[in-house]
Each structure stands twice: as C-alpha cells, then as structure tokens.
Amino acid sequence: MTRDGARRRTARVREWLDRTSETGNPATANDLAGPFRFLFWLARSQSRRIALGGVLGTLWMVGLAVPPWVLSHAVDEGLVAGNTGALVRWALVLLAVGVLNALLGIARHRTMTKVRMDASFRAVRAAVEHTSRLGASLPGRVSTGEVVTVGITDVYTVAMALTVAGPGVGAVVAYAVVAVVLFTTSPLLAAVVLAGVPLLAIAVGPFLQRIERTGGEYRVHQGRLTTRLVDVLGGLRVLNGLGGKEFVAERYEQQSQGLVGHGYRVAGPASWVGALSTGLPALFLAAVVWLSARMAATGSITIGDVVAVYGYVAVLVVPVSAFIEGGGDIARARVAGRRIIDLLNLPAARDDQRGDLPTGCGPLADPASGLTVRPGLLTALVAARPAETRTVIERLGQLSTDADDSATWAGVPIDDVAREEFRRRLVVADNDAEVFAGTVRDVVAGRLEPDDSRIRAALRVAVAEDVVEALPGGLDATIAASGSDLSGGQRQRIRLARAVYAAPDVLLAVEPTSAVDANTEAAMIDRIREARRDTTTVITTTSPLVLDRADEVVVLVDGKASAVGTHADLLRTDSYYRELVSRTADE
C-alpha cells in the first residue's frame, strides 16, 4: 500500500513538472517581432518542461565530473596505497555513480525529446491556424512550396534549437563546477581551463555567422524549388499529354543543381563547426593532460590528481561540444524562425468581430469599384481583364485585406461582422479552389453534414450527374487529391456543386463555366437561376451565353463600374460592352 502511494505521488509530481500551457495560447504580436522572440514564446509555453530539462541536464553534466573524482581517490587510496578494501569501496561508488548518470541521461533525453516535439507541434499548429485564417488569399501572398518548407523544414529546425536549453544550462554549470574543482587541485590548471574553453567557443563564431548568412540564401532557393516541385506534380498529367515532361524535368534538374551549390556553401561552415566541436576540445584535452603530467613529474600533484584532471577535462569536451553545436542550432533556427514569423505576420481578417450580418441577401456594395449587387438577382460581372473582376470578388468575399474601402452588406461593413457567420452565408466559388481526396459525397458536402438527396440536387444544378455516373460507386466513388483523376470541366462542375450544396445567401462564382462546352454552359446557368431564385448570385464571365441569361450585367472599366443593365440593353447602348462581347464571341 505504501509502495502504491509512493508510485502515485511520483506520477503526480511528474505530471505537474511536465505540464505545459494550454494549446490555445496563441503567439502575440510581440512574440512574432523576431526569431528570438518566437523561440522564447515556444520555450515559455512549456516553461516547466524546459526548467526540468535544465535541472536534469545540469545534474547529468555535473554527474559526469564525479567519476574522475572517485577514480582519483581509488588510485591514491587503493592502488597506490595498496588498500584493497578502499579500492573495492571506491569501485562500488563508481558503479553507483555510473548507474545514476545513466538514469539521469535517459530522463534528460526524454525530456528534451518532449520539448522538441511540443515546440514542433505548437509551431505547426500556429502556421496551420494562420493559413486557415488567410483562406483563399494565401496563394496570392506566398507560394505553396514556401508553406510546405515552413511546415516541414523550418519547424523542425526551430524545434531542434529548443533542445539546447537542457544541455546549455548543464554545460554552464558543469563548466563552473569543473573549474572550481580544478582550482582546488591546481590554480594553474584552473586558469588554463577558464581561459581556454571560451577561446574555443570564440573560434567557432565566424563560422556560425556564415551559416546564418548562407543559410538564408539556401532557404529562399529551397522554397522556390519546392514550389516548382508541387506545381510539376499537380500538372503531371497535363505535361504527359503535351509531351513536355522531359523539358520540365530537365529544368527542374538544373534548378536542383543550383540548390545543391547553395547547399555546399551552407555545408562548408557547418562541417567546420562539426569538426571543431570535436577536434578543438580534443586538442585542448591533450594540452591540459600534457601540462598535468609535467606537474606530476615535478611532484606538484599526485598520480591520482593526473587521472582526475584527465577525467575533468575529458568531461569538459561534452559541454564545450554542446556550446558549439548549440550555437550552430541557434544560427540555423534564426534563419528558419524568420521564415516562420514572415508567414505568421501576413495580415488576415480579424477574429475578434462580434457583429451580426443583417437578414436577407444584401445588397452588397463595393465602394472601391462603385459596384452594388442587388439582392435576389443573378448578376454578371464582365471586364476586359479578368483580374479586375477577380479583385472585386475578393473584396466582396473578404479575401483581400489590402483594400482601402470595406465592402458592405446591407450597409454594414463586412469587416465588422462575425467571420464564421459571414463564411456560412457567403461562399466564393473559385476555379482554383482545392478539391480534397475523398468520396463524391464527402467532396460535395464539404464541411456540412452529407445529405444524399441534397447532394444529388446540387450535382444536377452543376450539370455534374454524368461525372458521378461515369465513376464506379456513384456517390461512394473516390476522387483523387486535387481532382487529378477528373478533367478540367468535371472538376469545375464538382466545385460548383459543392458551392451550391452550401446553400449560401450570396454565391460569388469566378468563371464557373469557362471549361465546359456551350450546351453544358447553358444548362448550368439555367439551373443556377432556377435553384437560386430567391438568393443572390454573382458570376464573373465574358461568355455572351451567360451574360444573356443574367438578370443584371455590370461592366467594369479599369476596376470601376461603368455601366449596368441587361445584356440586350448594354449591347444597344454601350459601345465598349458591345465591342468586348463581340471580341469574345469571335475568339
């Protein structure tokens, strides 16, 4: 009973020491002001675990200095004096110290592993949460490859730097303890150690600075190459069809070789740091041993003291190596941390809004362009440059944070309303929207609960029944990631079905019929009009067929609304619109 109680108390103490802050504790603006502040946030979030790692690291490194001291007494009191009993006693003490150090080493390593994993998960969670807040505006601000590299390489590098906490604190304390012990043996040897070890660390400084400088260049090129790899993998089927796979592979190989060159420039100073972290302490050990042997020959110290000095200095190899390797880890983490906080500092829509959206479907107004979308209508936006209509959609859909004028919903600025409610009542259907792997049912339902009858109705509106019929399994058929097993027109209709299934009050669709034939396009628009008769739908297009079926057409010139009316009226009264539609029809 007593043993069980002690075990439970030990478990409670371990749980208390291992406790970290809540996972919902986000990084503040101050935490993202610089790489070191970001590292400090990761450390502060698990301060007890960091402190435990520091204590264990200190006990372990100081414990490494105990065996030389025990061994010196075994030599002087046992071997030299010929006292077998003393020799056995000190040998048993040495065994006990070795076992204790092994246990401390295991505990330290486990704690530092938890520190690294916690920091990694926390950094990934912060990146994922922020990218989700950025939403569809993310691709326009940072490349896919950059996000992938941040989430894998940079996070790992930063997490590794936090493991310096345990060995780093232990190295400082062990260094001080060994210096004090050496001073009791020989002030000269203590002075050599106190002066020599800092010189070793200083010698590595220039290489650490070079790692940081070249590492930044390497990291930029790595992100670009990863972006290209993601693009190539996403378009592999198209490249096969066009016969351009060999050309792209050759270009990728050339860029890979360029990255290898940058890697060599990083590996050079990094290899010197690794070599010096082992070589310089070894040379220092040889110098101190030579000096102590000379002192023993003159009778200044005993044979046991020589053994102890050798052990002490050999132990110092561990903290010195920890200093040097830790410096390299921090130099690399500074580069990686900068890339992480650059991502986390991208402006996103605020999450602290509490206002409610007005009832109904609008009207929506975009002061920057002068556009007003009347509720309950199918409105078409047309411009000579598609980027102009896309920009308006991004402002209306709260995807752009750079606009000077906030769009409004029934007179209420959308920046002041609850983001979750806004996303539920307004949906932006983009041709670049991701299609995740899963069954047709899950893909169309998205974040909503699947309802087979509603899913089939949404597929009918998007004229996507034939897509499902062609797949084995119907709604249970599996769609590959990014819809890579579908054609462009099929992916477009599946995306539209997903948007229709969400049943938003306002649907903003960017070129939803650009990849289908004229018959399918006509059917899609007619069915959208019928299905969304009492709601608001905005479509960007230059297709005369779609424009003719819209309730209202808005013409944008240089990003400003220049004319509003039906397709027939604008053809009769607006020469710019007539020329634009005629040119599109000819194309």
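Computation of the quantities below employed the complete heavy-atom set of this structure, encompassing side-chain atoms and omitting hydrogens, waters and symmetry-equivalent molecules. Everything numeric here is computed off the predicted structure, so don't read it as measured data.
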A.B. asks: Apply side chain to side chain contact (heavy atoms under 4.5 Å, CB included) to residues Tyr501 and Leu448 and explain how you reach the verdict.
C.D. replies: CA-CA 9 Å; Tyr501 182 83; Leu448 304 177; 3.9 Å; yes
A.B. asks: So do Val173 and Met61 actually touch side chain to side chain, heavy atoms under 4.5 Å?
C.D. replies: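 The answer is no, as the side chains (C-beta and beyond) never meet within the 4.5 Å cut-off.
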A.B. asks: When rounded to the nearest 0.5 angstrom, what distance separates CG in Leu56 from CD1 in Ile106?
C.D. replies: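 So the CG of Leu56 and the CD1 of Ile106 are separated by 12.0 Å.
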A.B. asks: Just so I know, are the side chains of Leu59 and Arg108 near enough to count as touching, which here means a heavy-atom distance under 4.5 Å?
C.D. replies: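 SC-SC contact between Leu59 and Arg108 ruled out.
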A.B. asks: CD1 of Ile414 to CZ of Arg425: how many Å apart, nearest 0.5 Å?
C.D. replies: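 The CZ atom of Arg425 is 12.5 Å from CD1 of Ile414, to the nearest 0.5 Å.
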A.B. asks: So does Arg116 get a backbone contact from the side chain of Ser120, meaning a donor-acceptor N/O pair under 3.5 Å?
C.D. replies: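 No, Ser120 side chain to Arg116 backbone: no donor-acceptor pair under 3.5 Å.
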A.B. asks: With heavy-atom distances below 4.5 Å as the criterion, would you say the side chains of Pro67 and Asn101 are in contact?
C.D. replies: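 Answer yes - side chains close enough.
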A.B. asks: Looking only at heavy atoms, what is the nearest atom pair of Gly397 and Val428, with distance?
C.D. replies: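 Shortest heavy-atom contact: CA-CG2, 3.9 Å.
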A.B. asks: Could you give the distance from CD1 (Ile50) to CZ (Phe40), rounded to the nearest 0.5 Å?
C.D. replies: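 It comes to 10.5 Å.
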A.B. asks: Could I get the full list of salt bridge (Lys or Arg N to Asp or Glu O under 4.0 Å) partners for Arg441, not counting sequence neighbours?
C.D. replies: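 By the salt bridge (Lys or Arg N to Asp or Glu O under 4.0 Å) rule, Arg441 matches Asp452, Asp476.
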A.B. asks: For Leu426 versus Leu364, what's the shortest heavy-atom pair and its separation?
C.D. replies: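 Closest heavy-atom pair between Leu426 and Leu364: CD1-CD2, 3.8 Å.
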A.B. asks: Please give me the minimum heavy-atom distance between Ala126 and Trp41, naming the atom from each residue.
C.D. replies: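 What the structure gives for the nearest pair is CB-CH2, 4.4 Å.
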A.B. asks: Work out which heavy atom in Pro35 is nearest to a heavy atom in Ile341; give both atom names and the distance.
C.D. replies: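 Scanning both residues, the minimum pair turns out to be N-CD1, 3.8 Å.
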A.B. asks: Rounded at 0.5 Å granularity, tell me how far OG1 in Thr157 sits from CD1 in Ile330.
C.D. replies: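 Going from the OG1 atom of Thr157 to the CD1 atom of Ile330 covers 13.0 Å.
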A.B. asks: Would you compute the distance between atom CG of Leu496 and atom CG of Leu507 and round it to the nearest 0.5 angstrom?
C.D. replies: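 One finds 7.0 Å between CG of Leu496 and CG of Leu507.
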A.B. asks: Closest approach of Val444 and Ala497, non-hydrogen atoms and distance?
C.D. replies: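 That would be CG1-O, 3.9 Å.
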A.B. asks: Going by the side chain to side chain contact (heavy atoms under 4.5 Å, CB included) test, name the single residue among Gln46, Arg49, His109 that passes it with Lys114.
C.D. replies: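 The side chain to side chain contact (heavy atoms under 4.5 Å, CB included) with Lys114 is passed solely by Arg49 among Gln46, Arg49, His109.
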A.B. asks: For Arg37, does the CZ atom have more than 12 heavy-atom neighbours from other residues, nucleotides or ligands under 6.0 Å away?
C.D. replies: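 Not buried by this count: 12 neighbours or fewer within 6.0 Å.
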A.B. asks: Taking only Lys NZ, Arg NE, NH1 and NH2, and the carboxylate oxygens of Asp or Glu, determine whether Asp154 and Arg339 approach each other closer than 4.0 Å.
C.D. replies: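 Answer for the salt bridge query: no.
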A.B. asks: Where do Leu39 and Ala161 come nearest, in terms of heavy atoms and distance?
C.D. replies: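 Scanning both residues completely, I find the closest heavy atoms to be CD2-CB, 4.4 Å.
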A.B. asks: Rounded to the nearest 0.5 Å, what separation is found between the CG atom of Leu357 and the CG atom of Asp505?
C.D. replies: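 Leu357 CG to Asp505 CG: 8.5 Å, rounded to 0.5 Å.
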A.B. asks: So, do Phe38 and Leu32 sit near enough that their side-chain heavy atoms are less than 4.5 Å apart?
C.D. replies: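 Side chain of Phe38 against side chain of Leu32, heavy atoms only: contact under 4.5 Å found.
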A.B. asks: Side-chain contact test, heavy atoms from C-beta onward, threshold under 4.5 Å: evaluate it for Leu343 versus Thr131 and give yes or no.
C.D. replies: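 When only atoms from C-beta onward are counted, Thr131 and Leu343 do touch, with a gap below 4.5 Å.
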A.B. asks: Counting C-beta onward and ignoring hydrogens, is there a side-chain heavy-atom pair between Arg338 and Arg334 closer than 4.5 Å?
C.D. replies: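 Answer no - side chains too far apart.
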A.B. asks: Check whether any side-chain heavy atom of Gln398 lies under 4.5 Å from a side-chain heavy atom of Asp415, and answer yes or no.
C.D. replies: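 The answer is yes, as the side chains (C-beta and beyond) meet within the 4.5 Å cut-off.
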A.B. asks: Distance-only, no hydrogens or angles: does the Arg495 side chain make a donor-acceptor pair with backbone N or O of Ala433 under 3.5 Å?
C.D. replies: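 Such a contact is found between Arg495 side chain and Ala433 backbone.
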